[in-house]
Amino acid sequence: MGAAAVSTGSAYVRPPPHIPLVIRMEMRKKADKQPILDGILGVSLIVHSHIGFDSIIVDYVHTRKFPLAGPIAAWALRAATGLAVWGVYEFNTNDVGTYHPPNIMG
């Protein structure tokens, strides 16, 4: 099975969609209120952000070089993460949820 011969003047032919894209499109059609998916998406985004910012603090604001600013930055990150978790919880329970706004937009 060789590669298809394509010249520079031929039109682009879109390949068929992959299975995950089709599954996601089906999920978008049925996503009225999915609290488990909302919770997983909200928490995973916050944990991902927390790990990234924590790496920045550990690498660049470590306590050996910045004995006061290092712990303040670490605790500020923890406080911001706690507030973000609380905000996502409120958004998921009292509003449309984390997964629904992309369905509204697209």
From [atom1] ([X]) to [atom2] ([Y]), nearest 0.5 Å:
| X | Y | atom1 | atom2 | answer |
| --- | --- | --- | --- | --- |
| Leu41 | Asn92 | CG | CG | 8.5 Å |
| Asp59 | Asp54 | CG | CG | 9.0 Å |
| Ile46 | Ile51 | CD1 | CD1 | 12.0 Å |

Would you say Phe66 ends up clustered with Ile57 if hydrophobic residues are merged whenever their side chains have heavy atoms under 4.5 Å apart, either directly or through other cluster members?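 Yes, Ile57 connects to Phe66 through the hydrophobic network.
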Quick one: do Phe53 and Leu45 end up in the same hydrophobic cluster if we chain Ile, Leu, Val, Met, Phe, Trp and Tyr together by side-chain heavy atoms under 4.5 Å apart?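 Not linked; separate clusters.
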Just wondering, do Val43 and Val88 contact through their side chains at under 4.5 Å, heavy atoms?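 Sidechains of Val43 and Val88: no contact.
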Which heavy-atom pair separates His62 from Val58 by the least distance, and what is that distance?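 So the minimum-distance heavy-atom pair works out to CB-O, 3.5 Å.
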List, by chain and then residue number, the residues other than Ile72 in its hydrophobic cluster (Ile/Leu/Val/Met/Phe/Trp/Tyr, side-chain heavy atoms under 4.5 Å); write none if there are no others.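 Direct or chained contacts put Ile72 with Leu68.
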